[in-house]
Amino acid sequence: MALSWNEIKTRAISFSKEWKDESKENAESQSFWNDFFNIFGITRRRVASFEEPVKKLGNKRGSIDLFWKGTLLVEHKSKGLDLDKAYIQAIDYFIGLKEAELPKYVLVSDFDTFRLYDLEENTTCEFHLSELYKNVNLFGFIAGYTKHKTITENPINIQAAELMGKLHDKLKDVGYDGHSLEVFLVRLLFLQFAEDTSIFEPRIFTEFIENKTSIDGSDIGSRFTELFQVLNTKEDKRLKNIDESLAIFPYVNGKLYEEFLPIPTFDSDMRNILLECCYLDWSKISPAIFGSLFQSIMDKVLRRNLGAHYTSEANILKLIKPLFLDELYDKFESIKKLKQTNQKEQKLKEFHRKLSSLNFFDPACGSGNFLIIAYRELRILEFEILKILHSDNVVDISLIVLCDVDQFHGIEIEEFPAQIAGVALWLIDHQMNMLVSEYFGQYFARLPLNKSANIVNGNSLKIDWEEVVKKDKLSFILGNPPFAGKSKQSKKQKEDIKPIFGKIKGAGALDYVTAWYLKASKYVKDTKIKVAFVSTNSISQGEQVGILWKELFNNYNIKIHFAHQTFNWSNEAKKNAAVHVVIIGFASFDAENKKVYEYEDVKAEAHEKNVQNINSYLVGGNDIVIEKRRKSICNVPTISFGSMPNDGGNFLLTDEEKEELIKNEPLSEKYIKPLLSAKEFLNGKNRWCLWLENLNPNDLKSIPLIKQRIENVRNLRANSNREATKKLAEYPMLFGEVRQPKNNFILIPRHFSENRQYLIIGYLDKNYIPSDSCLSIDNATFLNFGILTSFMHMTWIKFVCGRIKSDYRYSNELVYNNYPFPKNINNKNKLSIEQKAQNILNIRAEFKDNSLADLYDPLAMPPKLKKAHQELDKVVDKCYSNKTFKNDKDRIEFLFELYKEYLSE
């Protein structure tokens with residue numbers, strides 16, 4: 001086990017005194033380096049070899065003075081010789097080394113001068129023998145101490161996962177599969193991490209594979225079985241005559257090696273892959289990142305884009321900081337400011353004990369990312385407390401570190417990630433222990449593993465959470481439950497959520513993730529437990545708001561404490577698929593200092609805003625839910641769906657089909673009307689339909705082609721499996737659903753891009769037939785048109801409208817019928833809106849060769865058209881209020897208040 005820094009420095013001083021004698025300047029360098037490694041409590045022969053033969057440039061042969069594969073290369077010269085040349089000589093050896101053997105450090109020395117090259121950090125440090133004790137920290141990698149550095153995406157994480165993936169595939173190909181394979185790989189992960197982070201002696205596992213297994217790999221399986229048994233047996237209970245290579249392994253406990261596994265079979269290729277894994281520096285592996293990467297090796301599809309499937313630490317911190325970490329640090333800073341030393345010390349001790357009593361629960365924990373980062377941040381805060389409380393020498397670190405992994409609980413439906421989560425928390429625990437060890441100069445490792453995280457393998461929606469962790473013990477619930485919209489849910493997922501929602505009206509429209517919201521709300525009711533989940537932004541938009549949040553507000557007294565509005569949930573990996581999400585923190589009690597994190601766009605950085613209350617749309621304002629309604633809250637024209645053909649395509653015509661039909665049957669021309677779907681309207685495409693609402697029976701004799709189309713429609717409907725469609729066969733000349741405006745009307749596409757700054761609508765005469773992909777407002781005025789195409793209405797859409805992926809889905813019952821039109825518009829403003837609305841239509845007509853989609857492209861919108869919209873927006877804003885609306889948030893907060901006024905009338 002690693003020595004304390006104080007002992008290492010003491011040994012360094014003795015080493016320097018012994019080797020500075022002139023009589024020893026020409027002594028054997030091997031003795032020098034044996035003694036050097038002994039400074040750090042390491043037997044040199046266990047990790048490094050002398051005179052390692054290697055091929056150099058030009059097919060020449062050479063030998064490395066001292067070589068620790070994958071870690072350190074030493075080139076030693078007689079006193080006074082050129083160390084620059086020594087370094088060049090050392091680098092020349094690289095060509096003869098395998099990639100996995102390339103060192104991270106090069107050390108050149110002449111007995112008196114040391115020069116250490118850190119090849120990863122690209123730094124060089126030089127000092128004399130007498131100064132060694134001042135620089136021993138540079139050689140922490142020998143003692144087993146590692147640099148504490150948070151890396152969001154380190155290539156070694158991906159490299160390790162890829163190698164483990166290869167080994168996984170090889171074992172699976174020979175029939176070693178399922179639970180046994182998963183447990184075996186998790187054990188292997190721990191072994192490799194342990195030998196590179198001083199949980200074990202350096203290289204003992206690597207050396208065990210190198211020296212105690214056959215080159216052909218035939219005996220590796222049985223040797224692993226022996227090793228696992230040793231790791232699960234206390235030292236004083238082991239057989240007295242077991243091989244030394246096994247006896248040096250410590251007792252691990254934690255039930256990690258308790259289960260007996262079938263013996264796997266290896267071959268030479270598999271042994272080589274295993275050794276490649278061993279030669280990586282596992283001390284640089286991030287448990288938070290590697291857990292997800294390791295999980296993805298089980299799926300070859302996911303493995304193609306390793307690095308795209310973990311959650312970045314930056315995004316996890318967006319959740320845990322406002323959930324608990326910011327508040328803890330605020331408390332810590334306030335205690336530090338106390339002037340009375342005794343009072344400060346007492347308060348810090350109380351605060352420290354509080355940290356060790358906090359319990360965290362992720363009910364859909366995956367491989368433990370959120371728990372791992374939460375634990376790491378808790379330990380870092382504890383470390384800051386320890387530095388103040390124990391500025392003097394500490395006798396035993398184990399007595400002052402109180403936080404431990406058993407404060408963390410989780411549920412995961414898949415066995416493999418559940419196992420990874422438990423092991424990863426041990427790994428991050430050890431990294432934090434090394435951080436404390438390095439500062440206090442005393443080695444501290446929790447081995448045997450007497451405590452473990454409580455990770456349950458099961459279905460979170462079916463398990464009673466109190467069986468995992470009791471309410472009176474729990475402090476925080478956090479995580480990233482699975483997303484699946486209603487159309488994406490599997491049959492099993494639908495069965496999972498059905499008992500959660502029971503008879504709640506409309507629950508079938510909810511996203512899968514909402515089941516965790518409701519179950520958490522039931523669990524935390526009348527407690528002080530705080531909750532925060534990452535979710536798809538759909539739960540704060542559209543019809544889901546009225547279903548979910550009405551239930552949470554009314555029946556569970558839920559209050560939202562903080563919220564991140566929509567942003568891209570992604571990581572730093574290339575080709576990663578970003579998802580638009582929100583983060584919502586809530587509890588069954590109210591709180592002061594509520595915070596909304598606003599984003600100018602989904603890729604921007606958050607701006608923090610303090611608000612008195614956060615509503616279900618994640619903006620400041622009173623709790624509000626907007627539900628579907630059949631009639632508008634305002635005195636405005638009625639909106640309806642367009643007409644649906646239900647014709648099997650028989651009533652629809654392209655330009656060519658139209659011309660051909662008129663050519664053959666000229667009488668048909670009066671029955672052909674322009675048909676507008678959202679696609680044709682936005683992209684300027686032509687489409688036509690047979691509109692036979694006023695068909696003259698005598699004409700039908702002269703248009704046999706149309707008669708045949710009508711007959712086709714009759715047959716199609718008559719043969720349908722739906723009774724309603726069969727009834728439509730009685731009227732085969734009509735669209736299945738006819739909702740044609742009788743006057744000039746406004747056309748609104750039901751689906752459109754999120755990139756539009758304005759809602760693109762049309763003002764058309766009654767000869768156009770709007771299809772069911774559009775909505776129409778009959779007998780509409782230019783005043784209606786102006787308000788609906790304004791930025792104010794677009795703001796309402798952004799917050800209230802449902803989405804398909806990230807695109808808007810305009811709803812008549814949810815968006816239009818709930819929209820609060822301005823009250824009491826005076827004649828001057830009314831006339832101004834009408835004129836400016838007409839001006840927008842006139843400018844559009846000037847660009848007749850351009851589609852509306854092109855005209856309203858944010859990058860290509862003509863300045864003339866943009867200015868016309870801005871002039872309209874000024875007047876519409878004035879109709880609502882004389883105050884200036886600075887942004888979307890100002891507008892939506894105002895609109896919500898106006899909406900409440902309408903409802904109260």
Side-chain angles (χ1 to χ4, degrees), residues 536-538 541 565-570 572 574-582 598-607 676-686 746-764 773-774 785-810 815 836-877 884-892:
T536 47
N537 59 0
S538 59
Q541 299 168 345
Q565 294 175 349
T566 301
F567 68 97
N568 265 359
W569 183 261
S570 59
E572 293 74 15
K574 298 177 181 178
K575 298 181 182 179
N576 61 339
V579 180
H580 289 180
V581 303
V582 294
E598 301 175 347
Y599 296 79
E600 292 179 10
D601 60 68
V602 294
K603 297 180 181 178
E605 292 298 316
H607 298 285
L676 284 178
S677 69
K679 181 178 180 181
E680 279 80 38
F681 172 70
L682 293 172
N683 295 292
K685 304 296 183 182
N686 289 333
I746 289 173
L747 180 143
I748 303 176
R750 289 172 58 197
H751 306 104
F752 53 95
S753 170
E754 65 166 337
N755 296 321
R756 307 296 183 207
Q757 189 174 0
Y758 296 97
L759 173 62
I760 307 174
I761 59 178
Y763 191 81
L764 305 164
S773 65
C774 301
F785 179 91
I787 293 173
L788 291 176
T789 198
S790 71
F791 195 71
M792 185 67 85
H793 184 58
M794 190 64 196
T795 301
W796 182 260
I797 289 170
K798 289 178 183 177
F799 284 88
V800 177
C801 204
R803 304 277 182 127
I804 293 181
K805 295 184 178 178
S806 59
D807 291 339
Y808 296 112
R809 181 173 57 192
Y810 196 97
V815 181
K836 294 182 187 307
Q838 181 65 68
N839 185 41
I840 287 172
L841 291 171
N842 293 340
I843 293 172
R844 287 185 189 176
E846 294 176 17
F847 295 89
K848 59 183 179 181
D849 294 331
N850 297 92
S851 69
L852 289 173
D854 290 337
L855 287 178
Y856 284 85
D857 184 322
L859 299 177
M861 190 174 185
K864 189 176 183 180
L865 179 59
K866 189 167 188 176
K867 185 176 180 181
H869 270 282
Q870 290 171 341
E871 290 175 352
L872 173 65
D873 290 336
K874 290 178 184 177
V875 183
V876 173
D877 282 359
T884 300
F885 297 104
K886 297 177 183 178
N887 50 39
D888 286 355
K889 312 309 179 293
D890 278 357
R891 284 188 164 83
I892 196 63

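Residue indices begin at 1 and follow the sequence shown. Computed from heavy atoms alone, side chains included, the values below leave out hydrogens, waters and symmetry copies. It should be emphasised that the depicted structure is a prediction, and the values quoted were computed from it without experimental measurement.
For R891 and D877, the salt-bridge test passes: some basic side-chain N is under 4.0 Å from an acidic carboxylate O.
For Q541 against C801, the heavy-atom pair with the smallest separation is CB-O, 3.4 Å. The two residues P862 and L855 make their nearest non-hydrogen contact at CD-O, 3.4 Å. In terms of heavy atoms, I760 sits closest to R844 at CG2-NH2, 4.4 Å. N887 approaches D890 most closely through the heavy-atom pair OD1-N, 2.9 Å. Residues A860 and D854 share a closest heavy-atom pair of CB-O, 4.0 Å. The minimum heavy-atom distance linking R756 with Y856 is given by the pair NH1-O, 3.5 Å.
Y810 is linked by a ring pair (Phe, Tyr, Trp, His ring centres under 6.0 Å) to H793, counting only residues two or more places apart in sequence or in another chain. Under the rule for a side chain to side chain contact (heavy atoms under 4.5 Å, CB included), D849 has no partner lying at least two apart in sequence or in another chain. Under the salt bridge (charged side-chain N to carboxylate O under 4.0 Å, His left out) criterion, K864 pairs with E846, not counting sequence neighbours. Under the ring pair (Phe, Tyr, Trp, His ring centres under 6.0 Å) criterion, F785 pairs with no residue, sequence neighbours left out. For the side-chain hydrogen bond (donor to acceptor under 3.5 Å, both in side chains) test, no residue two or more places apart in sequence or in another chain qualifies with N683. Judged as a side chain to side chain contact (heavy atoms under 4.5 Å, CB included), and not counting sequence neighbours, the contacts of H607 are E600. Considering only residues two or more places apart in sequence or on other chains, K798 meets the side-chain hydrogen bond (donor to acceptor under 3.5 Å, both in side chains) condition with D888. Residues passing the side-chain hydrogen bond (donor to acceptor under 3.5 Å, both in side chains) test with T795: none are found, sequence neighbours excluded. For N842, the side-chain hydrogen bond (donor to acceptor under 3.5 Å, both in side chains) partners are Q838, not counting sequence neighbours. S773 is linked by a side chain to side chain contact (heavy atoms under 4.5 Å, CB included) to S677, A678, S771, counting only residues two or more places apart in sequence or in another chain. Residues meeting the side chain to side chain contact (heavy atoms under 4.5 Å, CB included) test with N755, sequence neighbours left out: S753, P858.
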>> Between E598 and F567, is the side chain to side chain contact (heavy atoms under 4.5 Å, CB included) condition met? List the steps.
In response: CA-CA 9 Å; E598 301 175 347; F567 68 97; over 6 Å; no
> Can H869 and M861 be said to form a side chain to side chain contact (heavy atoms under 4.5 Å, CB included), step by step?
Replying inline: CA-CA 11 Å; H869 270 282; M861 190 174 185; 3.7 Å; yes
>> Run D873 and V875 through side chain to side chain contact (heavy atoms under 4.5 Å, CB included) and show every step you take.
In response: CA-CA 5 Å; D873 290 336; V875 183; over 6 Å; no
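Between Q757 and K866 there is a side-chain heavy-atom pair separated by less than 4.5 Å. In this structure the side chain of L759 reaches within 4.5 angstrom of the side chain of M794, judged on heavy atoms. Residues F791 and K874 form no side-chain contact, since every pair of their non-hydrogen atoms from C-beta on lies 4.5 Å or further apart. Residues K685 and K679 are not in side-chain contact: their nearest non-hydrogen atoms beyond the backbone lie 4.5 Å or more apart. Between I761 and L747 there is no side-chain heavy-atom pair separated by less than 4.5 Å.
Aromatic pair H580/Y599: centroids not less than 6.0 angstrom apart.
Looking only at distances, no side-chain donor or acceptor of T536 sits under 3.5 Å from a matching main-chain atom of V581. Using modelled atom types, no side-chain atom of W796 and backbone atom of I892 make a donor-acceptor pair closer than 3.5 Å.
Within the model, atoms CD1 of I748 and CZ of R750 stand 12.0 Å from one another, a figure rounded to the nearest 0.5 Å. The structure places CG of L865 at 9.0 Å from CG of N839, a figure rounded to the nearest 0.5 Å. We find the CG-NE2 distance between D807 and H751 to be 9.0 Å, quoted to the nearest 0.5 Å. The line from OG of S851 to CZ of F681 is 10.5 Å long, rounded to the nearest 0.5 Å. Summarising the geometry, atom OG1 belonging to T789 is positioned 7.0 Å from atom CG belonging to L872; distances are rounded to the nearest 0.5 Å.
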